[in-house]
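A short worksheet on the structure shown next.
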Amino acid sequence: MEISGPRGTHDILPDESPLWQTMETNLRQMAELYGYSEVRLPIFEHTELFERGVGDSTDIVQKEMYTFTDRGDRSLTLRPEGTAPCARAFIEHRIYNQAQPTKWYYIGPMFRYDRPQAGRYRQFHQFGVEVFGSRDPNVDAEVIALLVRMAQRLGIKDAQLRLNTVGCPDCRPLYRERMLQYLAPMAGELCNDCRQRMDKNPLRVLDCKNPGCQEVVKDVPAINSYLCDRCGQHFEQVRKMLTAYKVDYFLDPRLVRGLDYYTKTAFELLVPDLGAQAAVGGGGRYDGLIEQCGGPPTPGIGFAIGLERLLMAARKQDSAIWKLPPTMEVFVAVADREYDTQACLLLDRLRLAGIKADKDYMDRSLKAQMKYAGKSEARIVVVIGEEEIRKDSYVLRDMMQKEQQEVPSSQIIERIKSILVTS
Ligand code: AMP
């Protein structure tokens, strides 16, 4: 019986992985330009980390975690996101004792028991950044600008930035009261989840995807008039810097993060072309998170990009970065199997010289080898035959110029290199 991959997972096969590598290289380079260093953390963590660091009233913790008990009876969870593990490592390694801010980026698989559909998986990949230690609103603007510029770098032209502030534990209770007053007369029209959210986390009603709930909240009062002075000034400076960076955004009072340790700035990058799963990345400030995870009071802000969605949006664009290098540069063909050893030794020389080269291993005829080389898009085919062996030379065929020449063995590498630079 054939075994297929688990529901919600996907394979990245070799015809697609060069695109992933290009995307990842660009994201890494950009993060490094902005002063971030890579952190590599475990794929699984103690379940409690996510209960505390993501929040036990969130959908992620309540419905979507891959949690299991290991043989030592510990409850472990495949990481559903990257921020809580970063907070854990920041605290565990006492990074807060070093000069701040700390700027980290991470890349890797995340796991959520979500309902799979186009652009939504159970194992997917995220690229994320976190800045710990600074309250400066210019950090918020820089983090947001980085997200926008990453999408631009991959050629995405039609991304839209949603921006909001969610206040802080000082000013949010007032807004929460106001929201509850607004929602109360319409509670009957909300979904079951949202009726529960009204008790625990009314802000999260704003975020519900249910069309009925969206209708209820469409005229909800905006948080802006309830902000404390500090949150108001902070948001004003973030917006001022974004305008100065020429980063366009639209204010969306329904963009929220419901938990107490999320503070101030919240943002999301949308690519409307992607349809139902248009959110490519999102993030915000979480000045209460490190403390929530057991560390000293430390502000923080970050974002995570969904790489499947980013690639889907980027591939639709005609950008020079998607012009990938060939997988093979030189194909070594033999007129007869008896020259195989010479072919292997030539391959060794080519590869040691940094040239991508391969040969036939399927006992093809010379004609079939030439055909296979043509399909592989190798720029050069080197043919080894009886006469070449006798003269210690090779026949070199430039598949692009459709020219052929005989080259002495001692000059073959240099001659190949001089042709490849013209590719
Ligand atoms: P979040 O960690 O929920 O803020 O998500 C950040 C980004 O990760 C989203 O904007 C999506 O692009 C991506 N993402 C979240 N969940 C999934 C999923 N189940 N499948 C694919 N991408 C996802």
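FYI, side chains are in, hydrogens and waters are out, and symmetry mates aren't considered; it's all heavy atoms of this structure. Count residues from 1 along the sequence. Whatever order the structure lists them in is the order used to number ligands and atoms, beginning at 1.
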Judging by distance only, is a nitrogen or oxygen of [X] under 3.5 angstrom from one on ligand 1?
{"X": "D114", "value": "yes"}
{"X": "V280", "value": "yes"}
{"X": "A279", "value": "yes"}

Per-atom contacts of ligand 1 with [X], taking only distances under 4.0 Å to non-hydrogen atoms:
{"X": "G281", "value": "10 (O)"}
{"X": "A304", "value": "6 (C), 7 (C)"}
{"X": "G119", "value": "20 (N), 21 (C), 22 (N)"}

Strictly below 4.0 Å, N to O, side chains only: are [X] and [Y] in salt-bridge contact?
{"X": "D170", "Y": "R230", "value": "yes"}
{"X": "D140", "Y": "R239", "value": "no"}
{"X": "E48", "Y": "R88", "value": "no"}

With a sphere of 6.0 Å drawn around [atom1] of [X], does it hold more than 12 non-hydrogen atoms of other residues, nucleotides or ligands?
{"X": "K240", "atom1": "NZ", "value": "no"}
{"X": "E377", "atom1": "CD", "value": "no"}
{"X": "Y182", "atom1": "OH", "value": "yes"}

Around [atom], find the nearest protein heavy atom and jot down its residue, atom name and distance.
{"atom": "atom 14 (N) of ligand 1", "result": "F124 CE1, 3.6 Å"}
{"atom": "atom 13 (C) of ligand 1", "result": "G306 CA, 3.5 Å"}
{"atom": "atom 19 (N) of ligand 1", "result": "Y121 O, 2.8 Å"}
{"atom": "atom 4 (O) of ligand 1", "result": "R257 NH2, 3.9 Å"}
{"atom": "atom 3 (O) of ligand 1", "result": "R112 NH1, 2.9 Å"}

Applying a 4.0 Å heavy-atom criterion (strictly less than), which segment of [X] is in contact with ligand 1: side chain, backbone, both, or neither?
{"X": "R120", "result": "both"}
{"X": "Q126", "result": "side chain"}
{"X": "L269", "result": "neither"}

Y226-R178 side chain donor-acceptor pair, cut-off 3.5 Å:
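There is such a pair between these side chains.
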Looking only at the aromatic ring of each residue, does the gap between the centers of F44 and F111 stay below 6.0 angstrom?
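Between F111 and F44, the centre distance exceeds or equals 6.0 Å.
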Could you check whether any side-chain heavy atom of E268 comes within less than 4.5 Å of a side-chain heavy atom of D252, counting everything from C-beta outward?
no
